[in-house]
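This report refers to the structure that appears directly beneath it.
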Amino acid sequence: QVQLVESGGGLVQAGGSLRLSCAASGRTFSSYAMGWFRQAPGKVREFVAAISRSGGSTSSVDSMKGRFTISRDNAKNTVYLQMNSLNPEDTAVYYCAVKTGVRSREPLDYEYWGQGTQVTVSS
């Protein structure tokens, strides 16, 4: 069992930045690949970024590259999502998730999910 708690969401104006954190507990953090997803009301859950167990490999959506950066600190059992140049289209609940094995863009591959943190970007 893995427990995940997201934090760092909030209200920000367009062009601003936020840094999301996800603290993990329950099992060995370094054994898991980590992912960030987001979901707006009435829309499907969308992949944002993923990172390998060691942090050496990452993936992200093309439209977010250059704005969103995923990283992890295994010593602190924490994964981060740095979000810059935010726009109203980024408004959603952001979730972190974990899976065994290699990183993935598919939500069904992930075994455990946090409760999410709301990000709202105003124009």
Side-chain angles (χ1 to χ4, degrees):
Q1 184 75 270
V2 175
Q3 299 178 53
L4 304 170
V5 180
E6 301 97 335
S7 62
L11 176 65
V12 64
Q13 289 186 303
S17 299
L18 286 173
R19 189 193 193 199
L20 306 184
S21 298
C22 177
S25 63
R27 291 183 179 178
T28 303
F29 179 74
S30 61
S31 298
Y32 296 91
M34 303 287 297
W36 283 99
F37 297 81
R38 68 185 186 185
Q39 188 168 21
K43 301 185 69 176
V44 299
R45 190 159 296 186
E46 177 186 28
F47 172 77
V48 175
I51 190 167
S52 63
R53 292 172 294 157
S54 68
S57 298
T58 62
S59 64
S60 61
V61 178
D62 287 344
S63 63
M64 302 177 192
K65 290 181 179 178
R67 298 194 302 121
F68 290 10
T69 303
I70 188 171
S71 62
R72 69 190 296 165
D73 186 340
N74 287 349
K76 297 181 178 180
N77 290 352
T78 302
V79 64
Y80 305 96
L81 183 69
Q82 179 67 46
M83 305 187 295
N84 300 324
S85 301
L86 288 164
N87 60 67
E89 296 297 314
D90 297 317
T91 296
V93 177
Y94 283 72
Y95 299 89
C96 67
V98 302
K99 67 182 297 292
T100 55
V102 300
R103 58 187 170 85
S104 170
R105 298 186 176 208
E106 172 54 57
L108 293 177
D109 290 341
Y110 288 79
E111 301 171 54
Y112 300 100
W113 294 81
Q115 295 300 304
T117 184
Q118 177 70 49
V119 172
T120 302
V121 184
S122 62
S123 60

Note to self: Is it the case that atom CD in Gln115 sees more than 12 heavy atoms from other parts of the structure closer than 6.0 Å?
What the structure shows: no
Short question: side chain of [X], backbone of [Y] - any donor-acceptor pair under 3.5 Å?
X      : Y     : answer
Arg105 : Ser60 : yes
Arg19  : Gln82 : no
Thr78  : Lys76 : yes
Gln3   : Ala24 : no

Minimum heavy-atom separation for [X] to [Y], with atom names?
X     : Y      : value
Phe37 : Pro107 : CE2-CG, 3.6 Å
Ser21 : Trp36  : O-CH2, 3.9 Å
Gly9  : Leu20  : N-CD2, 3.5 Å
Phe47 : Ser59  : CZ-OG, 3.5 Å
Ala33 : Gly101 : CB-O, 3.5 Å

Next item on the list: Can you run down the disulfide bond (SG atoms under 2.5 Å apart) pairs that involve residues 72-123, sequence neighbours left out, and say none if there aren't any?
Entry: Cys22-Cys96
Note to self: Going by side chain to side chain contact (heavy atoms under 4.5 Å, CB included), name the residues that satisfy it together with Val12, two or more places apart in sequence or in a different chain.
What the structure shows: Leu18, Leu86, Val121
Can you check whether [X] reaches [Y] side chain to side chain, under 4.5 Å on heavy atoms?
X      : Y      : value
Thr69  : Leu81  : no
Arg38  : Val119 : no
Lys99  : Tyr32  : no
Asn84  : Phe68  : no
Thr117 : Val93  : no
Ser17  : Met83  : no
Tyr80  : Asp73  : yes

Check: Relative to each other, are the rings of Tyr95 and Trp113 parallel, tilted or perpendicular (30° and 60° limits)?
Finding: perpendicular
For the atom pair [atom1] ([X]) and [atom2] ([Y]), what is the distance rounded to the nearest 0.5 Å?
X     : Y      : atom1 : atom2 : answer
Arg53 : Arg72  : CZ    : CZ    : 9.0 Å
Glu46 : Ser63  : CD    : OG    : 7.0 Å
Arg45 : Glu106 : CZ    : CD    : 11.5 Å
Asn87 : Ser123 : CG    : OG    : 10.5 Å

Notebook entry, point to check: Is it true that Asp109 and Arg103 make a salt bridge, defined as a side-chain N closer than 4.0 Å to a carboxylate O?
Noted result: no
Notebook entry, point to check: Side-chain heavy atoms under 4.5 angstrom apart, residues restricted to Ile, Leu, Val, Met, Phe, Trp, Tyr: same cluster for Ile51 and Val61?
Noted result: yes
Next item on the list: For Thr100 and Glu111, test the side chains for any donor-to-acceptor distance below 3.5 angstrom and give the result as yes or no.
Entry: yes
